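To start, the structure itself, in structure tokens.
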Number of protein chains: 2
Amino acid sequence: MMELTRKGEYAIRGIIYLAQQPPGRVSLISEIAAAAEVPQTFLAKIFQSFAKLGLVTSSRGTGGGFVLARPASAITLREVVEAVEGPILPNRCLLGSACDRGGPCRVHAVWKQVQTEVVHILDGVTIDTLARNP
Amino acid sequence: MMELTRKGEYAIRGIIYLAQQPPGRVSLISEIAAAAEVPQTFLAKIFQSFAKLGLVTSSRGTGGGFVLARPASAITLREVVEAVEGPILPNRCLLGSACDRGGPCRVHAVWKQVQTEVVHILDGVTIDTLARNP
DNA sequence: TATAAAGGGGATCAAATTGGTCCTAAAGGT
DNA sequence: ACCTTTAGGACCAATTTGATCCCCTTTATA
Ligand code: SF4
Ligand code: SF4
């Protein structure tokens, strides 16, 4: 239960690689994919999501590629995960939409607590922490 | 991300109904399904899992049905959820199997922390708490 | 101004998972 | 015997996941 998908794994590995490059260094998607051991075309989609959300900046044409849009210390693991997996939502009813049954039941509060706690943990981890080598 | 499936929702609703019955009262699957608003044949599978894990006891034939195998105060939400959704595992690498890449990376510890925290929350909630009406 | 080197984005696809039904067998009561 | 009720397997449609392909646009530079 609650498993991260491949997309999530790949997203994290990809952005960590980017964070490990010298600041300002532009990386090709092919380079990132090779380093992170991720199918290139799949990773390209992931980085498109990153770019749309402003986590990375992309440039096209010769000499193009990807760079972090902010310092790695200002990008949280939550942002990365939510960029590709959508919001942390242990139960549908946590999204505004009222429960299709009576009102919110007692379980509701438990899922809310789970959500809050997980968000808190993932928000407390930044990419620069993850990028530091053992 | 991390969404509970229908099966999980149904499992919780079903066992809460059972916990709301007078102690010792046997409930038919048809009755539980109607009360919990869950497809009956689907719920039957769910309760089979409960029975195998010893959360409920089942009896066949006339007068048969389901009863909680333990007091509702001794059944945790985690047991119920894991019975149908499998263990709380935010990332595959948390299951003994070593990472297919280098060694465990720094992200590993984060998922471990998420797992621990979620398990802790769900272990702290028992079915009798959930069964009490507003 | 070609041309090559990138990323953007849509279409498409196979495999896996989810959500659910159906049928037969087994067990238990009358 | 016969009815009731769960057990368990086979099966199925819809959705999601994990990817690949192809064509388009942007950009540098020869
Ligand atoms: S039954 Fe409770 S947990 Fe389930 S959707 Fe409704 S409010 Fe949420
Ligand atoms: S890269 Fe890290 S988080 Fe991902 S499977 Fe390996 S150890 Fe686990």
Side-chain angles (χ1 to χ4, degrees), chain A residues 1-15 18 25-34 36-69 81 83-87 89 91-92 100, chain B residues 1-15 18 25-34 36-69 81 83-87 89 91-92 100:
Chain A
M1 194 217 171
M2 324 213 346
E3 274 193 47
L4 194 72
T5 65
R6 296 290 161 124
K7 198 148 87 163
E9 259 289 315
Y10 294 167
I12 297 169
R13 302 220 296 245
I15 207 162
L18 213 53
R25 157 86 183 284
V26 174
S27 304
L28 300 186
I29 193 69
S30 55
E31 175 194 340
I32 307 172
E37 296 174 72
V38 169
Q40 191 188 125
T41 55
F42 198 15
L43 190 66
K45 299 292 185 191
I46 293 170
F47 270 70
Q48 275 184 40
S49 307
F50 286 166
K52 268 193 232 169
L53 283 161
L55 264 51
V56 304
T57 48
S58 66
S59 45
R60 303 208 246 194
T62 315
F66 295 91
V67 194
L68 289 187
V81 169
V84 296
E85 305 256 24
L89 257 193
N91 194 326
R92 302 170 231 265
D100 46 327
Chain B
M1 195 215 171
M2 325 215 345
E3 275 194 46
L4 193 72
T5 65
R6 295 292 162 121
K7 198 149 87 163
E9 260 285 318
Y10 295 167
I12 296 169
R13 301 220 298 243
I15 207 163
L18 212 53
R25 156 85 183 285
V26 175
S27 305
L28 299 186
I29 194 68
S30 55
E31 174 195 340
I32 307 172
E37 295 173 74
V38 170
Q40 191 187 126
T41 55
F42 198 16
L43 190 65
K45 300 293 184 190
I46 292 170
F47 270 69
Q48 274 182 42
S49 307
F50 286 165
K52 268 196 232 167
L53 283 162
L55 264 50
V56 304
T57 49
S58 65
S59 47
R60 306 205 246 195
T62 315
F66 296 92
V67 193
L68 288 187
V81 168
V84 296
E85 304 254 25
L89 257 194
N91 194 326
R92 304 170 230 265
D100 46 327

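Only heavy atoms go into these numbers, but all of them, side chains included; no hydrogens, no water, no symmetry mates. In this text the structure is predicted, and so the values were computed from the model without any measurement. Naming convention: chains lettered A, B, ... in sequence-line order (proteins, then strands); numbering from 1 in each chain.
For A:A51, the side chain to side chain contact (heavy atoms under 4.5 Å, CB included) partners at least two apart in sequence or on another chain are A:V56, A:S58.
As rounded to whole Å, 10 Å separates atom P of C:dA6 from atom CD of A:E31. For the pair B:F47 CZ and D:dG8 C1', the interatomic distance rounds to 17 Å; values are reported in whole Å. Distance CG (A:L28) to C1' (C:dA4): 14 Å, rounded to an integer number of Å. Atom pair A:I29:CD1 and D:dT20:C1' shows a separation of 15 Å (rounding to whole Å applied). As a whole-Å value, the separation of A:R13 CZ from D:dG18 P is 12 Å. Remark: P of D:dT27 and CZ of A:F66 are 14 Å apart, rounded to the nearest angstrom. Distance, A:L43 CG to C:dG7 C1': 12 Å, rounded to whole Å.
B:E85 contributes a side-chain N or O that, together with a main-chain N or O of B:T5, makes up a donor-acceptor pair within less than 3.5 Å.
For the atom pair CE of A:M1 and CG of B:L89, the computed distance is 11.0 Å after rounding to the nearest 0.5 Å. Here CD1 of B:I12 is found 7.5 Å from CG of A:N91. Values are rounded to the nearest 0.5 Å. Note: A:I15 CD1 to A:L55 CG = 5.0 Å, rounded to the nearest 0.5 Å. The CG atom of B:L4 sits 7.5 Å away from the CZ atom of A:R92 when rounded to the nearest 0.5 Å.
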Distances for protein N/O vs nucleotides 23-25 of chain D N/O pairs under 3.5 angstrom?
| unit_1 | atom_1 | unit_2 | atom_2 | d |
| --- | --- | --- | --- | --- |
| D:dT25 | O2 | A:R60 | NH1 | 3.1 |

Could you list, one pair per line, each protein nitrogen or oxygen that sits under 3.5 Å from a nitrogen or oxygen of nucleotides 17-24 of chain C, together with the distance?
| unit_1 | atom_1 | unit_2 | atom_2 | d |
| --- | --- | --- | --- | --- |
| C:dG19 | OP1 | B:R6 | N | 3.4 |
| C:dG19 | OP2 | B:T5 | OG1 | 3.4 |
| C:dG19 | OP2 | B:R6 | N | 3.3 |
| C:dG20 | OP2 | B:Y10 | OH | 3.1 |
| C:dT21 | OP2 | B:T41 | OG1 | 3.1 |

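Between B:S58 and D:dA7 there is a side-chain N or O to OP1 or OP2 distance below 4.0 Å.
Under the 4.5 Å side-chain criterion, counting only non-hydrogen atoms from C-beta, A:V84 is not in contact with A:Y10. Inter-residue side-chain proximity for A:L18 and A:F47 is flagged as met; some heavy-atom pair is nearer than 4.5 Å. A heavy-atom distance below 4.5 Å is not found between the side chains of B:E9 and B:E3.
Mapping B:T62 and B:Q48 onto DNA chain D by nearest heavy atom places B:T62 at the nucleotide closer to the 5' end. Between B:G61 and A:G61, the residue whose closest nucleotide on DNA chain D is further toward the 5' end is B:G61.
Residue-level contact check: B:S30 touches neither bases nor backbone, having no heavy atom under 4.0 Å from any strand.
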